[in-house]
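These figures come from a predicted structure and were not determined experimentally.
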Amino acid sequence: MGVDISQWRAAIGRHRHREPGASPSECECTYPSRAPSTEDPLDVRKVVNKHYNFFYLAAVVLPISMVKRKQFFNALVTRLLLLAAGIEANPGPSNSSTSKGNLPQAKRLKTLHNFFKVASVTDPGVAAAASSFPSGSSVSVELSSASSQPTTVAVASPTSPSTADCTSTATVVTSLSSSTAVKVTSVNKSKHISGDSCENEEDLHIPSTVQVHGHVANDIGNFIGQKISDLQKRELLLNPWQPPVGYNFPYSTFTFKGKEYKRHLSQKHLDTYRSWLVLSHIARGLFCKYCPWFAVGGVGGQHKNVPLTKLVTEPLIVFKDLLGNQKNSVLANHEQHMYHKIAVEKAKNFLSTYDNPAGDVVNQVNEQRLAQIQENRDRLVPIVRATLFLGKQGLAFRGHRDDGQLLSETEENNRESLTGNEGNFRETLKLMVASGDSKLQEHLKNASSRATDISKTVQNELIKCIGAEIFDKILLRLHKTLFYSILFDETTDVSHKSQLSLVLRYVTADGVYEDFISFVDAFVDLDNAKEDGTYDSEEDEWDEALRAAKNDEKDREIKLTGKAIAQIVLRLLNKLGLSLHKCVGIGTDGCSVMTSDLHGAVAEIQKHAKNALRTPCFNHKLNLSISQSNKITCIRNAVGTMKECVKFFDVYAKRNRTLHKYLGHNLSALCETRWIERHDGVLQYSVDLPKILQALESIETWNDSSTSSKAAVLRAALKDTFFLVSVMCLSDILALTLPLRKLFQKPSLNLDTACNMISNLIDVLTKRREKAEEQFKEIWKKIVDLAEVVDAHLVLPRRCGRQGNRANYSTDCPETYFRQAVFIPLLDQVLIDIRERFPPSVVDCFQLPLLLPANIVGISASDLEPKAKLLASKFDGLLPNEVELSEKLLYGELTMWREKWISKNLLEIPEPSVEVIGNCDSDAFPLIHTLITLLTTLPVSNASAERSFSALRRLKSWLRSTMSQDRLTGLALMHVHRDIDIDINAIITRFAKSGNRRLELIL
């Protein structure tokens, strides 16, 4: 063969010195190899790797002497190489088929299987592995691999006949690999074939299972040098491995006067020191079962500086002088060492404590410690409650003095401290004490002045912990959803900081959520990003600003561009751990910084969030459409008159009191940001105009010439014909849009519902434009009635042949003139603008509403396939399959979805997409369920971000303008998310872990 087998044996034999617990595959071993040859197809390395575990069994596992191991190893390697080459052990003549390398696989397997059986009889080395078992039994070697089920190969005992076993197990030999595990799992009674018959032997008493793959149950040698659990330690102390009857004990050799002697270990040695001495089958030596685990520091000697080796960290494998007197006996000497006695005592205490934990002194101390911790936590509960109360109500915490002792030990000092206002937080704690909170009172009186946990620093930490707890609850809900949408906006607060608000919209089984997440100081975040190098700048503006900053810091110009806003949002989403793939919607207002196609924030975010769709803010768009009415001159003048009237009454209390005398309340201002109040401010003049005129008429009689003259001018303007017509025409349109204003501000509103409302509004306005004459007749009647009440004369304006600055219609009928000059232009202007701002692409909601049951029943079966192709191509990135497959699957789901609802009563068909999700089984209609969830997740308006600005104004007032950004975000989370239940114990635990505390709050 040309192979040096001794090199292989030496290489594999290195496994004997592997680390404890290491598997054969973890041990490094280099095998000799030969250069490949075309004449000799045998690859030595492949043969070794293929039957690696048999080599490992021979070189490491079998408990036999080195001489016998070499004999067995030589025979094994030779046999495997012959089989790999297709040659039998005793080849026939040169012209036989078996000598030409084409030995059938079945023949090879049978030959290899018989080799093991023959070797177990003829080779004493193999026989030693089973010599401890009764005659007629066999050792079962389990061969298991990660890729296959365990298989058993039987190896006969030394006295077994060298015949084939009844159970054919040789078929597993060729499937062995380097990852196959080999272990002797059991000793079983064997069945042998004598000729063509099987003979059953008598039942034998078989000892307990023996495992020889680096691990024997409770063998101490498996755990030396490792960290073990208390349960394992207890098992090693109470139930160590014991050699079975007939066990082949190891021996050691020594030379005396040139002659070699053997010293055998026996059961007598174990019985003599049975209280502490155990044998390790794996290590083939003796250990003390106490010292490896309980010897202090692993050292001994008089000065405690001698490392403990034999019987402790290493097995005792020299069996000479085991018994005898203390001076000569190794075991007796070990038993008298102080470190051994201490280890025995510690082991007994360990077993006693393990069985009865309540008696342990450490546990008793722990119980007292737990009681003290619980008491400390109870002290902190009212402080956390006070923080939650003030935060949710949006109240200020601090007063003029926010430090010092809150409650004094003397009653006189307590009365003095109660006379001054120390801020809402400290006054709330005093109120709790006055209400009977004895634990808080005891804490404030007896605790150290540095451990009361009521300082401004602790307030900030508690606010931060509560905000983080609310934040985690939101994220917990958010990570369970399929998709989410982002809504963001920017404003300037009272301290002249640019605050960016981020809101997330998502859908759960409980409904639709629009949750405020955080305020971000935009310019500070940009500065930090540029310092960290995380700002991705492709714009020349910032590069120029940086170059200017190097020369003169005053010349540096910072711009909050759309790209900068987008990167702030992306960094915040990255901190939250949210996948941009799940971001399906972006909601902003309509300013160019947000919506520009080139450098807008939305376009920049869509570069990273490929599936995100921009949905316009319906409130902003509708507001801008109504604002187009100002292009009509008389409408603009009428709105200006209303504002002047409101301003006139609000400036002085005397005027306001007169207004209250006639009207009963203040006039609603035409707010620039609160759209509902703007509607109310116009509509009030169509109802309360007579009372307003009465108040102005009363003020005209005052002696103050300035006030009376302004009242007269306003009274004349309010009675003007153009004002009356403008108010009534504008009120007619605003009465239609007011319900939509209120509806669009709901966080739970769905995009399909909003689009339906806009479509209905466009239809109504279109019909009114088509029937403008009939519609204005009704309005004119109201104008005439109002004019009679306020004693106004409806007259036509002066006209001439050539008029360039105002309407000049050739009619003598006031109704016809004002219909053509005011009503129709107003209606046309608003209707055209609404159609431009809400094109079919927006109103159709990306074709998603056709999935709703109310719409699917109206689609013919022939139109389902084109619709499926359209949706599959549009939302390819969100569907799990390829486009072609998604088209087919979606078409099938649409067909079944239509059939499900076409037979239902109209009253049983759900309309809102939130209700549809509950009726759509995600297993039966997975694609439809995904798309309807997407439809529900898309935002309708940016009202939630606007509401967060209202909270910002309440929290960060002129008196609280210096609060930090972390405090602001924490207070905003508490104030906005008042409906989220907060676990006070979780807050205390988070507070305890956030830093070192003077009071122990957790173990």
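Salt bridge Glu514/Arg505: present, at least one basic N to carboxylate O contact under 4.0 Å. Between Glu644 and Lys647 there is no salt bridge, since no side-chain N of the basic residue sits under 4.0 Å from a carboxylate O of the acidic one. Electrostatic pairing of Asp472 and Arg990 counts as a salt bridge here, judged by a charged N lying under 4.0 Å from a carboxylate O.
Expressed to the nearest 0.5 Å, how far CD1 of Ile486 lies from CD1 of Ile605 amounts to 4.0 Å. Annotation: the span from Leu475 atom CG to Lys480 atom NZ amounts to 12.0 Å, rounded to 0.5 Å. Expressed to the nearest 0.5 Å, how far CD1 of Ile474 lies from CG of Asp515 amounts to 4.5 Å. The line from OG1 of Thr588 to NE2 of His620 is 8.5 Å long, rounded to the nearest 0.5 Å. Considering CD1 of Ile568 and OG of Ser498, their distance stands at 7.5 Å, rounded to 0.5 Å. Note that CD1 of Ile932 is 11.0 Å distant from CG of Asn750, once rounded to the nearest 0.5 Å.
Within 6.0 Å of NZ on Lys621 lie more than 12 heavy atoms contributed by other residues, nucleotides or ligands. The environment of CG in Asp763 is crowded: more than 12 heavy-atom neighbours from other residues, nucleotides or ligands sit within 6.0 Å. Summarising the local packing, CZ of Arg953 is surrounded by 12 or fewer heavy atoms from other residues, nucleotides or ligands at distances under 6.0 Å. In Lys746, the NZ atom is not crowded: 12 or fewer heavy atoms of neighbouring residues, nucleotides or ligands sit closer than 6.0 Å. A 6.0 Å sphere centred on CG of Asp979 holds more than 12 heavy atoms belonging to other residues, nucleotides or ligands.
Within the 4.5 Å cutoff, the side chain of Val727 has heavy atoms near those of the Met642 side chain. Taking 4.5 Å as the limit, every side-chain heavy atom of Leu934 sits out of range of all side-chain heavy atoms of Asn611. Looking only at side-chain heavy atoms (C-beta outward), Phe618 and Arg837 stay at 4.5 Å or farther from each other. Contact of the Leu504 side chain with the Leu573 side chain is registered, since non-hydrogen atoms from C-beta on lie closer than 4.5 Å. In this structure, the side chains of Ile982 and Ile987 come closer than 4.5 Å at one or more pairs of heavy atoms. Between His599 and Thr561 there is no side-chain heavy-atom pair separated by less than 4.5 Å. You'll find the side chain of Lys956 stays beyond 4.5 Å of the side chain of Thr962, heavy atoms only. Two residues are said to be in side-chain contact when any heavy atoms from C-beta on lie closer than 4.5 Å; His975 and Gln393 fail this criterion.
Closest approach of Val830 to Ser625, counting heavy atoms only: CG2-O, 4.1 Å. In terms of heavy atoms, Thr937 sits closest to Ser485 at O-OG, 2.9 Å. Across every non-hydrogen atom of Ile762 and Leu831, the tightest pair is O-CD1, 4.0 Å. Residues Ser501 and Phe949 approach most closely at CB-CE2, 3.6 Å, considering heavy atoms. Closest non-hydrogen pair, Arg636 versus Asn630, comes out as NH1-O, 3.0 Å. Between Thr481 and Val507 the shortest heavy-atom distance is CG2-O, 3.1 Å.
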For Asp966 and Asn460: C-alpha separation, side-chain torsions, deciding distance, then whether side chain to side chain contact (heavy atoms under 4.5 Å, CB included) applies.
CA-CA 8 Å; Asp966 290 339; Asn460 287 333; over 6 Å; no

When you look at Leu968 and Gln965, which way does the side chain to side chain contact (heavy atoms under 4.5 Å, CB included) test go after all the steps?
CA-CA 5 Å; Leu968 172 63; Gln965 196 68 23; 4.2 Å; yes

Start with the C-alpha distance between Lys607 and Glu604, add both sets of side-chain angles, then the distance that settles salt bridge (Lys or Arg N to Asp or Glu O under 4.0 Å), and finish with yes or no.
CA-CA 5 Å; Lys607 294 178 182 178; Glu604 183 66 25; 3.4 Å; yes

Candidate pair Phe488 and Asn942, rule side chain to side chain contact (heavy atoms under 4.5 Å, CB included), full reasoning:
CA-CA 8 Å; Phe488 56 92; Asn942 212 32; over 6 Å; no

Verdict with supporting geometry, Thr737 and Leu761, side chain to side chain contact (heavy atoms under 4.5 Å, CB included):
CA-CA 8 Å; Thr737 60; Leu761 176 63; 4.1 Å; yes

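Looking at Asp493, its side chain does come within 3.5 Å of a backbone N or O of Ser495 through a donor-acceptor pair. Checked by atom type and distance alone, the side chain of Arg967 never pairs as donor or acceptor with a backbone atom of Glu461 at under 3.5 Å. Without hydrogens or angle criteria, Ser627 side chain to Asn623 main chain gives a donor-acceptor distance under 3.5 Å. In terms of modelled atom types and a separation under 3.5 Å, the side chain of Asn528 and the main chain of Val524 share a donor-acceptor contact. With hydrogens and angles disregarded, no donor-acceptor distance shorter than 3.5 Å links the side chain of Ser941 to the backbone of Cys617. Using modelled atom types, no side-chain atom of His977 and backbone atom of Ile470 make a donor-acceptor pair closer than 3.5 Å. Asp521 places no side-chain N or O within 3.5 Å of a backbone atom of Gln499 that could act as its donor or acceptor partner. The main-chain N or O of Asp752 is found under 3.5 Å from a side-chain atom of Asn756 such that the two form a donor-acceptor pair. Under a 3.5 Å cut-off, the side chain of Arg614 and the backbone N or O of Gly585 do not form any donor-acceptor pair.
Looking only at atom types and distance, the side chain of Gln628 has a donor-acceptor partner in the side chain of Lys631 under 3.5 Å away.
Take Ser592 and apply the side chain to side chain donor-acceptor pair (under 3.5 Å) test, not counting sequence neighbours, and it matches no residue. By the side chain to side chain contact (heavy atoms under 4.5 Å, CB included) test, Val593 is found to be paired with Ile565, Cys591, residues two or more places apart in sequence or in another chain being considered. Annotation: side chain to side chain donor-acceptor pair (under 3.5 Å) contacts of Thr969 (sequence neighbours excluded): none.
Between Phe875 and Phe846, the ring-plane angle classifies as perpendicular under the 30° and 60° cut-offs. Taking the six-membered ring for Trp and thresholds of 30 and 60 degrees, Tyr513 and Tyr506 have nearly parallel ring planes, at less than 30 degrees apart.
A side-chain contact (heavy atoms from CB on, under 4.5 Å) with Ser629 holds for exactly one of Leu826, Leu827, Asp833; it is Leu826.
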